[in-house]
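Following: one structure in structure tokens, then a few remarks.
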Amino acid sequence: MKRILSGMRPTGKLHIGHYVGALENWVALQDEFENYHLIADYHVLTTGLDMSNVYNDTIEMMIDWIAVGLDPEKSPMFRQSKIKQHAELHLIFSMLISVDRLQRNPTLKDQIRDLNIENLSYGHLGYPVLQAADILLYKGNYVPVGEDQLPHIEITREIARRFNSNFGEVFPEPEPKLTHFPRLAGLDGNAKMSKSLGNTILLSDDLEAIKQKIRKAVTDPLKVRKGDPGRPEVCVIYSYHKKFNPADVPEISTNCQSGALGCVDCKTRCTNKIYEYLAPTLECRKELEAKPEYILDCLRSGEEKALQIATDTMNEVHEKMKIG
Ligand code: ATP
Ligand code: MG
């Protein structure tokens with residue numbers, strides 16, 4: 001069976017961008033593939049050194065994963081820092097790619113701009129190299145991610161080829177798997193909904209929270225009041241309707257453009273549809289929050305399974321490289 005490897009950083013509760021861009025695919029693919037899901041705790045360090053919440057955020061993220069339908073039996077979940085082989089493979093891979101190549105990574109350039117990063121760390125520049133180790137340690141064939149991750153998968157493929165041609169065939173060349181919504185825009189109109197930009201709707205938000213957030217969301221700046229003609233294609237709310245309310249999209253488009261539909265009504269409809277979509281997840285979240293031992297059991301068994309595969313892969317690597 002072909003294998004899937006994908007992960008997320010435990011930096012807080014997940015948002016609907018994570019769901020629409022990646023998680024939805026994780027859930028859909030878990031019967032067709034052997035799935036492994038990484039809690040990328042080392043990667044948290046790329047955007048800040050405060051690790052005080054990392055453990056709580058790990059548990060919260062697992063709750064989100066399980067609440068949306070990931071089955072921990074079929075899809076083992078594990079922490080990157082618990083499986084030391086990630087660090088070792090990262091070191092080896094860091095010799096297989098140039099600094100120049102890493103500096104050309106467009107996702108990194110976006111992050112530097114969005115987060116106003118002035119002094120990029122060596123580790124942040126090498127983020128995709130650690131990610132290559134994360135994927136290839138489990139010989140992942142497919143990586144279901146959002147669009148921002150595509151440059152990283154390309155780097156992973158380059159590293160796999162370089163390793164295989166130098167030392168002998170060990171790694172597959174993984175391919176990305178995108179959903180139909182590979183990049184969900186933020187409430188502020190930014191092209192990407194992102195925790196670090198504070199423009200999110202969380203999977204754990206209740207109806208009231210969603211309502212407040214949508215109320216403040218940016219729409220077409222030229223549509224000031226009901227009656228003004230709007231431009232759906234520049235409106236974030238319209239993009240959410242496309243995902244969460246597809247049946248009404250043609251009507252919303254026509255009535256927004258004619259001015260018959262005002263932003264207030266359009267936002268109320270959007271709020272209700274998003275809430276409808278998230279309601280089962282919220283319900284399941286509540287149940288899981290009451291069972292912390294269950295979450296820890298899932299983590300323990302996931303880490304056992306991951307360690308076994310990581311050990312096997314590194315044995316192969318050592319043998320090919322005549323080290324270790
Ligand atoms: P954020 O990007 O919100 O700051 P993060 O960087 O910690 O959070 P990652 O762990 O990098 O999140 O992303 C997890 C997965 O979710 C990746 O596959 C990423 O492509 C996907 N993803 C994140 N935000 C979006 C979005 N707005 N639209 C689609 N996919 C997204
Ligand atoms: Mg990210």
Side-chain angles (χ1 to χ4, degrees), residues 4-29 35-48 50-51 53-54 56-58 60-62 64-65 68 70 75 77-81 105-117 123-124 127-128 130-132 134-135 140 142-156 174-205 213 217 236 239-240 242-244 274 277:
I4 275 185
L5 187 292
S6 191
M8 290 188 184
R9 304 188 315 148
T11 46
K13 289 178 176 165
L14 299 183
H15 54 71
I16 58 174
H18 292 122
Y19 184 58
V20 163
L23 270 182
E24 203 163 32
N25 245 350
W26 295 11
V27 175
L29 298 170
N35 279 30
Y36 284 85
H37 294 304
L38 172 92
I39 297 160
D41 49 6
Y42 285 143
H43 280 301
V44 173
L45 294 162
T46 56
T47 50
D50 179 1
M51 297 296 271
N53 282 328
V54 76
N56 281 343
D57 284 343
T58 294
E60 287 292 340
M61 188 164 78
M62 288 183 70
D64 278 331
W65 285 0
V68 297
L70 267 194
S75 303
M77 304 165 184
F78 56 96
R79 285 167 292 177
Q80 190 180 35
S81 63
N105 169 13
T107 298
L108 183 70
K109 288 183 187 163
D110 286 353
Q111 238 179 13
I112 290 173
R113 185 202 57 219
D114 286 345
L115 305 179
N116 290 318
I117 294 170
H124 196 167
Y127 181 122
L130 179 54
Q131 207 173 322
D134 298 338
I135 296 166
Y142 296 104
V143 194
V145 282
E147 199 174 58
D148 59 314
Q149 296 296 317
L150 292 182
H152 298 169
I153 311 291
E154 195 44 49
I155 290 171
T156 301
E175 288 172 32
K177 264 194 186 294
L178 294 179
T179 65
H180 295 302
F181 289 83
R183 187 184 291 251
L184 196 75
L187 288 161
D188 57 354
N190 187 293
K192 187 176 169 241
M193 181 175 282
S194 163
K195 266 177 288 200
S196 359
L197 299 175
N199 59 6
T200 65
I201 294 175
L202 301 178
L203 294 180
S204 48
D205 278 342
K213 288 179 173 181
V236 170
S239 74
Y240 296 168
K242 281 189 178 165
K243 170 63 194 172
F244 299 101
I274 293 179
Y277 208 83

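Ligands are counted one by one from 1 in listed order, and the atoms in each one are counted from 1 as well. Heavy-atom basis, side chains included; hydrogens, waters and symmetry copies ignored.
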Under 4.0 Å from one or more heavy atoms of Ser196, ligand 1 contributes atoms 4 (O)

Can you check whether Leu203 reaches Leu23 side chain to side chain, under 4.5 Å on heavy atoms? yes

For Val145, the atoms of ligand 1 under 4.0 Å from one of its heavy atoms are 18 (O)

Scanning both residues in full, the closest heavy-atom pair of Thr11 with Asp57 reads C-OD2, 3.4 Å

Among Arg9, Gln131, His43, His15, closest by heavy atom to atom 6 (O) of ligand 1 is Arg9

Below 3.5 Å, N or O to N or O, backbone or side chain included: is there any such pair between Met193 and ligand 1?
yes

Checking heavy-atom distances from atom 18 (O) of ligand 1 to each of Gly146, Pro10, Gly21, the winner is Gly146

*Is there a side-chain contact between Met193 and Tyr240 (heavy atoms, below 4.5 Å)?*
yes

Any Trp65 side-chain heavy atom under 4.5 Å of Ile39 side chain = yes

Exercise for review: Report yes if some heavy atom in the side chain of Lys213 is under 4.5 Å from a heavy atom in the side chain of Thr200; otherwise report no.
Suggested key: yes

Open item on the list: Is there a polar contact between ligand 1 and Phe181, counting only N or O atoms under 3.5 Å apart?
Closed with: no

Is there side-chain contact between Gln149 and Val143, with heavy atoms separated by less than 4.5 Å?
-> no

Among Glu147, His18, Glu24, the residue with a heavy atom nearest to atom 16 (O) of ligand 1 is His18

In terms of its nearest heavy atom to atom 30 (N) of ligand 1, the top option of Ser194, Gly198, Pro144, Gly17 is Gly17

Note: ligand 1 atoms sitting under 4.0 Å from heavy atoms of Arg183 are 28 (N), 29 (C)

Value for CD (Gln111) from OH (Tyr127), rounded to nearest 0.5 Å, stands at 6.5 Å

Q | Within-shell test, Thr11 vs ligand 1, heavy atom, strictly < 4.0 Å | A | yes

Here the atoms of ligand 1 under 4.0 Å from any heavy atom belonging to Pro182 are 28 (N), 29 (C), 30 (N)

